[in-house]
Amino acid sequence: MNKYELAVVLSVKLEDEERAAALEKVKEYITRFGGTVTAVDEQGKKRLAYEIQKMREAYYYFIKFESDSACPAQVEQQVRIMEPVIRFLCVRDDAE
């Protein structure tokens, strides 16, 4: 099992319930494709480095998970089409 970290940037226009639902959906994708979520780090609302879709702020989440090598590509494919997600990045976590 490899360790991965998925950074998800959600739209600032979402209500609290919608944000929580989007985050749960991402975690569901990870478990559906054989991964195990180990930690979720909510960074909160932060200023973006540049304007995206006429927004200057967004909500940042970092999800750490363990899975085989096929899972991240499948998760990215699903997250890419989620409307509340404005940016995402999945990287292998080799820190440990």
Side-chain angles (χ1 to χ4, degrees):
M1 294 289 253
N2 298 321
K3 294 182 181 190
Y4 295 94
E5 183 174 44
L6 175 65
V8 180
V9 181
L10 297 178
S11 171
V12 75
K13 297 175 183 174
L14 299 174
E15 297 294 326
D16 290 342
E17 299 84 27
E18 294 171 315
R19 252 190 353 263
L23 188 62
E24 285 302 314
K25 189 122 179 131
V26 172
K27 292 195 300 191
E28 176 194 318
Y29 288 140
I30 291 170
T31 55
R32 182 191 307 171
F33 297 120
T36 305
V37 176
T38 56
V40 178
D41 183 18
E42 180 178 348
Q43 293 287 312
K45 190 190 314 188
K46 292 188 179 258
R47 185 169 171 80
L48 296 169
Y50 54 91
E51 193 173 285
I52 302 172
Q53 298 174 2
K54 298 185 180 180
M55 288 182 274
R56 297 193 180 275
E57 293 181 320
Y59 290 96
Y60 284 72
Y61 295 92
F62 295 94
I63 304 168
K64 292 187 181 231
F65 64 98
E66 294 180 356
S67 70
D68 60 356
S69 59
C71 178
Q74 294 171 320
V75 170
E76 283 182 1
Q77 189 176 16
Q78 296 299 318
V79 171
R80 180 175 282 115
I81 60 175
M82 288 179 64
E83 196 170 315
V85 176
I86 58 175
R87 289 289 187 272
F88 68 92
L89 178 67
C90 188
V91 294
R92 187 167 170 188
D93 191 7
D94 289 332
E96 298 167 20

**Report entry** Neighbour count >12 (heavy atoms, 6.0 Å) for atom CD, E15
**Finding:** no
Query raised in the report: Would V91 end up clustered with I63 when hydrophobic side chains under 4.5 Å apart are linked, directly or stepwise?
Result: no
Report task. Could you tell me whether K27 and E24 make a salt bridge, using a distance below 4.0 angstrom between a side-chain N and a carboxylate O? Result -> yes
Query raised in the report: Rounded to the nearest 0.5 Å, how far does CD1 of I30 lie from CD of Q78?
Result: 12.0 Å
Query raised in the report: Taking atom CD of E76 and atom CZ of F88, what is their separation to the nearest 0.5 Å?
Result: 5.0 Å
Requested in this report: Determine whether I52 and V9 make a side-chain contact, defined as any pair of heavy atoms from C-beta on separated by less than 4.5 Å.
Outcome: no
Query raised in the report: Any side-chain heavy atom of V12 sitting closer than 4.5 Å to one from Y59?
Result: yes
Query raised in the report: CZ of R19 to CG of L14: how many Å apart, nearest 0.5 Å?
Result: 7.0 Å
Report summary line: Between K13 and Q53, the two heavy atoms sitting closest are NZ-O, 4.3 Å
Query raised in the report: Under 4.5 Å between side-chain heavy atoms, hopping through other hydrophobics if needed: is there a path connecting L10 to M55?
Result: yes
Requested in this report: Answer yes or no: is there a donor N or O on one side and an acceptor on the other, between the side chain of T38 and the main chain of K64, under 3.5 Å?
Outcome: yes
Query raised in the report: Where do G35 and C71 come nearest, in terms of heavy atoms and distance?
Result: N-SG, 4.1 Å
Requested in this report: Can you measure from OG (S67) to OH (Y4) and round to the nearest 0.5 angstrom?
Outcome: 5.0 Å
Query raised in the report: Roughly how far apart are F65 CZ and E5 CD, rounded to 0.5 Å?
Result: 9.5 Å
Query - Enclosure of Q77 CD (heavy-atom neighbours >12, cutoff 6.0 Å) - result: no
Requested in this report: Mind checking the NZ-CZ spacing from K25 to R32? Nearest 0.5 Å is all I need.
Outcome: 6.5 Å
